[in-house]
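Atoms within each ligand, like the ligands themselves, are counted from 1 in listed order.
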Amino acid sequence: MAEPTIEDYYLEERSFPPPPEFAETALVRDRSLYDQAEKDYQAFWADQAAALTWTKPWDTVLEWDLPFAKWFVGGQLNVSYNCLDRHVEAGRGDRVAYHWEGEPGDSRTLTYADLLDQVQRFANVLKGLGVTKGDTVAIYMPMVPELPVAMLACARIGAAHSVVFGGFSSDALRGRINDASCKVLVTADGGWRRGAPVGLKGNADEAIAGAPTIEHVVVVRRIESEPPMTEGRDHWWHELMQGADPDCPAEPMDSEQLLYLLYTSGTTAKPKGIMHTTGGYLTQVAFTHKYVFDLHAETDIYWCAADIGWVTGHSYIVYGPLANGATSVMYEGTPDFPDKDRWWSIIERYGVTILYCAPTAIRTFMKWGTQYPEAHDLGSLRVLGSVGEPINPEAWIWYHENIGGGHCPVVDTWWQTETGAIMISPLPGVTATKPGSATFPLPGISAEVVDDAGTKVTKGGGYLTLTRPWPSMLRGIYGDPERYKETYWSRFPDRYFAGDGAKVDDEGYLWLLGRVDDVMNVSGHRVSTTEVESALVDHATVAEAAVVGAKDETTGQAIIAFVTLRTGNEPSDAHGQVLRAHVATRIGPIARPKTIIFTDDLPKTRSGKIMRRLLRDVAEGRDLGDTTTLADAGVVDEIKRRAATAPTEE
Ligand code: WTA
């Protein structure tokens, strides 16, 4: 038999069926959606699309010319109409769309009627600046309500938006503006971060200096500053809005019209402008937001703690929740300002019922300790979500117990910028969850794990592939159809593959194993970083771990572990020995780390993913490659210092 593509070591046996009191009122309590989708997935998605308001019905559900998909062909609808007008027309204009809280503690409440008013006015502002259907508008903003307003205003008039995360540099912004030839940039004077105002307009100006297509810049005043304003080009948001016409009809859009571009920051290559279109995208984000989080829009208070600059924010702060008429919390700042209990205070004060966040946040909270959540009443919570990285089983349990009080289903949702919406996840009223597993593909989605040869794996590890088109799939990479084919559709015939490893257990559950580029080869065994990390986090003293393979003369690669301890635990050589032994008992001697480096922080991307590539450079003593996507460059220097003195086991 061939060697396994990725080996399967970590055994997690805990299982959590939906709590009966939860299942009783859940939107989905049985397998009927799965059965319906299994019979005819196109008819299933057509049913979901019918929950939206279309100004013209589609002729064909799906045109699939691999790898190019068109969904709901011939249909027309407007995304901002579906997110705003139809709720207001149905008499729900007074429902809160966003409870917004600024980092300094200021707050704003926007109802659906307020949001519709703002969006119409800003849509007219954009028109007045010459933006027309088919143009692309760049948006570079902190987490303020004007950000979703600007996105929806683009959608209202048929312009695409390209949101660039507010923490990115002027270079990153310039490259993205130029790639899409944006005419208008919407930005702010700055935002609040850890108690201090951080300017943004200066970066925007630097970017525009090398972006000749930009004709106008609209600036939201957030930090009461007076940045230089270029006459004729730069305009204050509040001044333009004052004179704006409050009526702007929603333009009907073709289902396949470009809704937005969102660039994935590849760590080495040029960023890819991921294209998302209108009808299929809105269908799948609305469907998944409703059913994965068991949304009861009249009563739930939903909070996705991501930044809108990432796809999670696009799909699950803006389009999914608004399409469903949900009430959301939106928060501007960091979790540790003014203290490490900010999130729990927000949950208590707004009565948040659904929380959606990333494992990196959960592991940070584990490191800080339970006294912060314990100081608040989190009893309103009923569903917890996770996204962005594999969640280590022990972090899952910590989240379940300390945040969810042991009674909230945890939905671990796997998806990507490219997939547009959640693909693999439990349905909380139906699926028995297992800590660390994203469980099964959602109804209408088909995923399979395959080996190197592309043969389906029914038990064990391999490559995660998607075998059918889905409504919110990327339509391509902006301006580069060849790169689209090559990147996602060339590794296995007729399958989408975007770089993740996964394993299937004997009950068919899917366990994500991280990026396949990170898989280590130790004495011929293909060991996933995720499994060793989970074994380390399984130890009661560990909050977070990152594992990499470094070249080794005897074993090919040796496992080097970077470990952050929970507050109150001291690093020592003896403790390193304890952790090595723990990994060996938990998953086997082959996975025993050769070196353990204790560190207070790990290098992460700005969206919170551990950058193992940099850690590999540190472990192999190389000069560091590109560090521009790093959230905090100081972390690496500290790690290098610690690595130089870390004891190594022979
Ligand atoms: C990883 C974020 C394991 C994965 C929505 C994927 C996950 C990449 C999970 C996409 C999860 C996301 N379990 N891994 N639940 N969710 N990932 O484009 O490697 O920022 O390919 O989209 O994050 O990241 P992106």
Looking only at protein heavy atoms, which one is nearest to [atom], and what is the separation?
atom                    : result
atom 24 (O) of ligand 1 : Lys609 NZ, 3.0 Å
atom 16 (N) of ligand 1 : Gly388 N, 3.1 Å
atom 6 (C) of ligand 1  : Asp500 OD2, 3.1 Å
atom 13 (N) of ligand 1 : Glu389 O, 3.3 Å
atom 18 (O) of ligand 1 : Thr417 OG1, 2.6 Å
atom 3 (C) of ligand 1  : Pro390 N, 3.1 Å
atom 10 (C) of ligand 1 : Trp415 O, 3.6 Å

Test item: side-chain donor near acceptor, [X] and [Y], under 3.5 Å:
X      : Y      : value
Tyr9   : Glu7   : yes
Thr467 : Ser446 : yes
Asp500 : Tyr463 : no
Thr5   : Asp451 : no
Asn203 : Ser170 : no
Tyr356 : Thr413 : yes
Trp489 : Tyr484 : yes

Does any N/O atom on [X] come nearer than 3.5 Å to any N/O atom on ligand 1?
X      : value
Ala438 : no
Ser386 : no
Thr413 : yes

_Please determine whether any non-hydrogen atom of Gly499 lies less than 4.0 Å from an atom of ligand 1._
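Contact absent.
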*asked:* I'd like to know if Trp310 contacts ligand 1, where contact means a heavy-atom distance under 4.0 Å to any ligand atom.
replied: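 It does not; every heavy atom stays at 4.0 Å or beyond.
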*If the plane angle is over 60° it's perpendicular, under 30° parallel, otherwise tilted; pick one for Tyr260 and Tyr319.*
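Correct class here is parallel.
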*Would you check, one step at a time, whether the test side-chain hydrogen bond (donor to acceptor under 3.5 Å, both in side chains) holds for Asp336 with Trp368?*
CA-CA 10 Å; Asp336 52 352; Trp368 289 344; 5.9 Å; no
Just to be sure I read this right, does ligand 1 sit under 4.0 Å from the backbone of [X], its side chain, both, or neither, counting only heavy atoms?
X      : answer
Thr312 : side chain
Arg515 : side chain
Val311 : side chain

*asked:* Let me confirm one number: the OG1-CH2 distance from Thr288 to Trp470, rounded to the nearest 0.5 Å.
replied: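 The CH2 atom of Trp470 is 13.5 Å from OG1 of Thr288, to the nearest 0.5 Å.
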